[in-house]
Amino acid sequence: MQSAVLYDRLERALIALEYALADARSAQGPEQGAVARSQEALQGAGEELQEVLGALRALALHDAAVRVREWA
């Protein structure tokens with residue numbers, strides 16, 4: 001169950017990145033507002049991805065530890 005929540009967070013972060021990239025691509029000329037929104041969205045999505053990846057690593061380590069205990 002916990003991994004499903006993490007994968008959901010990862011999917012939402014990837015969607016945010018896709019929107020940010022589309023926003024950046026559509027910005028023509030010196031539109032600072034679109035650029036600023038894109039940078040903020042990319043920053044937020046990047047931070048979310050880092051958190052999710054860290055949580056997935058921790059979950060994988062926990063699962064490995066449980067398997068080792070079962071083998072012992």
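Every value quoted in this text rests on a predicted model; they were computed, and no experiment measured them.
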Indicate, with yes or no, if Leu59 and Val52 share a hydrophobic cluster defined by side-chain heavy-atom contacts under 4.5 Å among Ile, Leu, Val, Met, Phe, Trp and Tyr. yes

Under the side-chain hydrogen bond (donor to acceptor under 3.5 Å, both in side chains) test, which residues partner Glu11, sequence neighbours left out? none

I need the minimum non-hydrogen distance between Ala45 and Ala13, along with the two atoms involved. CB-O, 3.7 Å

Among the clusters formed by ILVMFWY side chains lying less than 4.5 Å apart, do Tyr19 and Leu42 turn up in the same one? no

Taking the basic N atoms (NZ, or NE/NH1/NH2) and the acidic carboxylate oxygens, is any pair closer than 4.0 Å for Arg12 and Glu48? no

Go through the structure and list residues passing salt bridge (charged side-chain N to carboxylate O under 4.0 Å, His left out) with Asp63, not counting sequence neighbours. none

Can you tell me how far apart CG (Leu6) and CD (Glu51) are? Round to the nearest 0.5 Å. 10.5 Å

